[in-house]
S.K.: 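Below is one structure. I have some questions about it.
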Amino acid sequence: MTLTAHAAMGAVIGEAVGNPLLGFIIAIAVHFLVDIIPHGDSFISDNYRVLKRRRKQAVAYVTTDAACAILFVLFIVNVRDVTLIRSISMGIIGSILPDLLVGLYDVTKFRYLRWIYRLHFVFHDAIIKRRGDVPLRYSLAAQAILILILQARL
Ligand SMILES: [Zn+2]
């Protein structure tokens, strides 16, 4: 799932929970759970990690997504009248931390990150490796709608 969608969920979780630590922990758990839902990026992931081809496409996809996530966070902090900023921030951090650690493992192969890398893909691949993935364009459209709905709750 996109970092932007994860960040939107983390922000809503943080605000709903109202406690930075609890929001952080719940946001991490929700990240793994929503990653089970097929979301169209498995061919990008497989190209990058398994087939080791079209890797620039994966880098461009993640870079674009990360920039959108930053813009989303700037939007809610500057445009939305949010009050629980610490809880929202910790929710966002928890919601994107798993993908940050997966990316760090991709780049460094740091052995202490291997467990979270494997755990992430247990969830991420739970359905798509058996039933296939959805087209990325439909997933991105659905995630854009989800982000619009979630930001309106802040
Ligand atoms: Zn993830």
Side-chain angles (χ1 to χ4, degrees), residues 1-17 20-73 75-76 87-151 153-154:
M1 200 158 282
T2 62
L3 290 169
T4 314
H6 281 304
M9 285 182 251
V12 170
I13 290 166
E15 184 169 69
V17 172
L21 180 60
L22 200 55
F24 176 76
I25 292 166
I26 292 172
I28 291 174
V30 168
H31 179 114
F32 286 109
L33 293 177
V34 297
D35 261 1
I36 295 172
I37 302 166
H39 47 272
D41 62 1
S42 61
F43 75 96
I44 296 173
S45 177
D46 287 348
N47 278 345
Y48 185 85
R49 296 185 173 95
V50 181
L51 303 170
K52 308 210 184 296
R53 66 179 187 198
R54 302 195 69 191
R55 297 183 100 180
K56 287 181 182 174
Q57 178 190 47
V59 171
Y61 180 80
V62 171
T63 303
T64 304
D65 181 24
C68 288
I70 290 168
L71 293 175
F72 172 79
V73 172
F75 168 76
I76 60 170
S87 293
I88 290 171
S89 297
M90 290 303 285
I92 292 170
I93 292 168
S95 71
I96 62 170
L97 187 61
D99 285 348
L100 173 64
L101 296 176
V102 165
L104 272 177
Y105 180 77
D106 276 327
V107 172
T108 65
K109 300 297 181 206
F110 185 50
R111 63 186 170 119
Y112 294 112
L113 293 175
R114 191 178 304 135
W115 69 274
I116 194 153
Y117 180 89
R118 289 182 175 160
L119 180 67
H120 179 267
F121 284 102
V122 166
F123 286 91
H124 194 273
D125 295 346
I127 293 176
I128 59 172
K129 290 302 176 193
R130 279 184 273 134
R131 296 186 176 259
D133 207 350
V134 297
L136 181 60
R137 63 185 180 279
Y138 296 142
S139 169
L140 292 177
Q143 289 181 67
I145 292 167
L146 175 69
I147 291 163
L148 285 173
I149 293 168
L150 290 175
Q151 64 81 28
R153 298 182 58 91
L154 293 168

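Every value quoted in this text rests on a predicted model; they were computed, and no experiment measured them. Counting from 1, the numbers follow the sequence of the chain as shown. As the structure lists them, so they are numbered: ligands from 1, and atoms in each ligand from 1.
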S.K.: Could you note down all residue pairs passing salt bridge (Lys or Arg N to Asp or Glu O under 4.0 Å) where residues 102-123 supplies at least one of them, sequence neighbours left out?
M.R.: Arg49-Asp106
S.K.: So what's near the Zn ion (ligand 1), protein N, O or S atoms under 2.8 Å?
M.R.: His31 NE2, Asp35 OD2, Asp99 OD1, His120 NE2
S.K.: Measure up the His120 and His124 rings against each other and bin them: parallel (under 30°), tilted (30 to 60°), perpendicular (over 60°).
M.R.: parallel
S.K.: Starting at CD1 of Ile92, measure out to CG of Leu3 and round the result to the nearest 0.5 Å.
M.R.: 12.0 Å
S.K.: Are there more than 12 heavy atoms of other residues, nucleotides or ligands under 6.0 Å from atom OH of Tyr138?
M.R.: no
S.K.: Applying side-chain contact (heavy atoms from CB on, under 4.5 Å), name anything that partners Asp125, two or more places apart in sequence or on another chain.
M.R.: Phe121, Ile128, Lys129
S.K.: Just distance, no hydrogens or angles: give the donor-acceptor pairs under 3.5 Å from side chains in residues 140-151, sequence neighbours left out.
M.R.:
residue	atom	partner	partner atom	Å
Gln143	OE1	Thr2	N	2.8
Gln143	OE1	Thr2	OG1	2.8
Gln143	NE2	Ser139	OG	2.9
Gln151	OE1	Arg80	NE	3.2
Gln151	OE1	Arg80	NH2	2.5
Gln151	NE2	Leu148	O	3.1

